[in-house]
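Order of the sequence lines fixes the chain letters, A, B, ..., with proteins taken first and strands second; residue numbering starts at 1 for each chain. Please read all numbers here as calculations on a predicted model, not as lab measurements. Values below: all heavy atoms of this structure, side chains included; hydrogens, waters and symmetry mates excluded.
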2 protein chains.
Amino acid sequence: MAVQRRNTRQRALVLEAVRGRCDHPRAEDIYRDVSAADPRVSRGTVYRNLRLLQEQGEIMCIKAPGGDRFDLRCDAHCHVICTACGSVADTSTPYDALMDGAVEDETGFAVSCHTTLFEGVCPSCRALAQGA
Amino acid sequence: MAVQRRNTRQRALVLEAVRGRCDHPRAEDIYRDVSAADPRVSRGTVYRNLRLLQEQGEIMCIKAPGGDRFDLRCDAHCHVICTACGSVADTSTPYDALMDGAVEDETGFAVSCHTTLFEGVCPSCRALAQGA
DNA sequence: ATGCTTGCAAACAGTTTGCATCTAA
DNA sequence: TTAGATGCAAACTGTTTGCAAGCAT
């Protein structure tokens with residue numbers, strides 16, 4: 001059975017902060033937003049709650065260079081990260097579950113999932129590059 | 001034109017260390033191997049050279065949780081990482097360049113590439129789990 | 001009351017960097 | 001000779017953790 005969880009004010013603030021953003025904030029961004037609502041919430045608490053909410057499936061996390069990003073969408077989808085400014089966007093690329101089986105057969109690993117991260121330059125950074 | 005590079009003993013040692021391993025070592029592993037050959041080589045130099053060799057396309061790097069891994073193979077291929085012990089293996093999953101174009105059209109990002117990382121439990125960790 | 005949670009600060013891991021010195025070309 | 005490369009140590013970023021106090025249940 002799952003561990004007993006309490007509904008703390010801090011946990012609610014963290015969840016609200018993730019939901020309140022349509023970009024893909026990193027832990028530090030969430031911490032900043034939560035701090036704005038209540039300066040007494042500590043960074044450790046934000047990290048702990050982000051991990052908890054992930055385990056509960058309330059939010060998902062994208063492992064990106066420069067720090068994990070959080071996303072309120074929990075369905076399978078991929079992301080693009082801008083190599084210039086670090087911004088992240090969703091893509092509708094379908095999740096191919098067949099690949100997991102193929103890799104499992106090939107390597108002997110018990111494959112549970114895979115993540116695909118696209119790299120590129122976002123529209124606004126492209127515009128900047130044009131001007132430069 | 002490319003920057004002028006020198007052939008230093010340290011650089012050769014780093015490259016040799018990456019090539020001398022068939023697993024996917026992280027920077028620290030390389031540092032350890034290089035240190036065994038010459039204890040005076042510093043960690044900073046190892047990191048600098050790993051980055052340089054990457055830029056030159058001599059080696060490639062896999063961004064994995066817990067630290068980047070280096071690979072002597074430079075052709076497009078994907079990896080599986082063991083969620084239990086952190087070991088990494090190659091897979092022969094083909095690189096689908098069409099996806100890059102699709103994401104580019106959808107998001108407006110100038111997509112240069114993508115990386116796919118599978119997660120699972122490696123054969124030896126599976127065996128351990130059986131026994132437990 | 002109980003024990004999950006918190007705040008704080010210190011610890012951590014992985015990596016980068018400033019700077020004086022060294023060295024390949 | 002001279003600009004790239006090194007060694008060292010300190011700085012940095014992102015994240016985790018030990019512990020005493022706090023609060024949801």
Side-chain angles (χ1 to χ4, degrees), chain A residues 1-18 24-56 58-71 81 85-86 88 117, chain B residues 1-18 24-56 58-70 81 83 85-86 88 117:
Chain A
M1 148 189 162
V3 189
Q4 187 71 324
R5 300 282 184 220
R6 289 184 185 171
N7 297 320
T8 63
R9 197 172 38 84
Q10 291 87 337
R11 186 118 73 227
L13 283 173
V14 169
L15 181 52
E16 198 179 294
V18 177
H24 298 76
R26 51 196 99 198
E28 193 59 31
D29 300 319
I30 299 299
Y31 172 62
R32 210 167 347 92
D33 288 1
V34 169
S35 285
D38 180 348
R40 275 185 271 180
V41 178
S42 75
R43 192 176 266 97
T45 295
V46 169
Y47 275 93
R48 272 185 286 236
N49 279 309
L50 284 171
R51 182 145 37 97
L52 266 166
L53 290 167
Q54 243 182 101
E55 286 167 7
Q56 293 177 198
E58 300 268 11
I59 60 179
M60 72 173 297
C61 134
I62 309 152
K63 284 159 197 328
D68 292 357
R69 317 294 281 250
F70 297 89
D71 194 330
I81 184 166
C85 71
V88 170
L117 185 62
Chain B
M1 146 189 165
V3 189
Q4 187 71 327
R5 301 284 182 217
R6 291 182 185 173
N7 297 321
T8 63
R9 196 172 41 83
Q10 291 87 337
R11 185 117 74 228
L13 283 173
V14 169
L15 182 52
E16 198 179 293
V18 177
H24 298 76
R26 53 195 97 195
E28 193 60 30
D29 300 319
I30 299 298
Y31 171 61
R32 207 164 352 90
D33 289 1
V34 169
S35 285
D38 179 349
R40 275 186 271 180
V41 177
S42 75
R43 192 176 266 99
T45 295
V46 169
Y47 275 91
R48 273 186 285 236
N49 279 310
L50 284 172
R51 184 147 34 99
L52 266 167
L53 290 167
Q54 243 181 102
E55 286 168 7
Q56 293 176 196
E58 301 269 10
I59 61 180
M60 72 172 296
C61 133
I62 310 153
K63 284 161 197 327
D68 291 358
R69 317 294 281 250
F70 297 89
I81 185 166
T83 50
C85 72
V88 171
L117 185 63

Decide yes or no for [X] and [Y]: does some side-chain heavy atom of the first lie under 4.5 Å from some side-chain heavy atom of the second?
| X | Y | answer |
| --- | --- | --- |
| A:Leu117 | B:Lys63 | no |
| B:Gln10 | B:Arg48 | no |
| B:Val34 | B:Asp38 | no |

Separation of atom [atom1] in [X] from atom [atom2] in [N], rounded to whole Å:
| X | N | atom1 | atom2 | value |
| --- | --- | --- | --- | --- |
| A:Glu28 | D:dT13 | CD | P | 10 Å |
| B:Arg51 | D:dG4 | CZ | P | 15 Å |
| A:Leu52 | D:dA24 | CG | P | 16 Å |
| A:Lys63 | C:dG14 | NZ | C1' | 15 Å |

From [options], nucleotide with atom closest to [X] side chain:
| X | options | answer |
| --- | --- | --- |
| A:Arg11 | D:dA5, C:dT6, C:dG14 | C:dT6 |
| B:Gln10 | C:dT6, C:dG7, D:dG7 | D:dG7 |
| B:Tyr47 | D:dT6, D:dT17, C:dT15 | C:dT15 |

Donor-acceptor pair under 3.5 Å: do we get one between B:Arg48's side chain and the base of D:dG7? yes
Per the atom types in the model, does the base of C:dT23 pair as donor or acceptor with the side chain of B:Arg6 at under 3.5 Å? yes
With a 4.0 Å cut-off on N to O distance, would you call B:Glu58 and B:Arg11 a salt bridge? no
With a cut-off of less than 4.0 Å, is there a side-chain N or O of [X] near OP1 or OP2 of [N]?
| X | N | result |
| --- | --- | --- |
| B:Ser42 | D:dC8 | no |
| B:Asn7 | C:dA25 | yes |
| B:Thr8 | C:dA24 | no |

Between B:Arg43 (side chain only) and B:Tyr31 (backbone N and O only), is there a donor and an acceptor less than 3.5 Å apart? no
How would you label the contact of A:Arg40 with the nucleic acid (heavy atoms, under 4.0 Å): base, sugar-phosphate, or nothing? sugar-phosphate
How would you label the contact of A:Arg43 with the nucleic acid (heavy atoms, under 4.0 Å): base, sugar-phosphate, or nothing? base
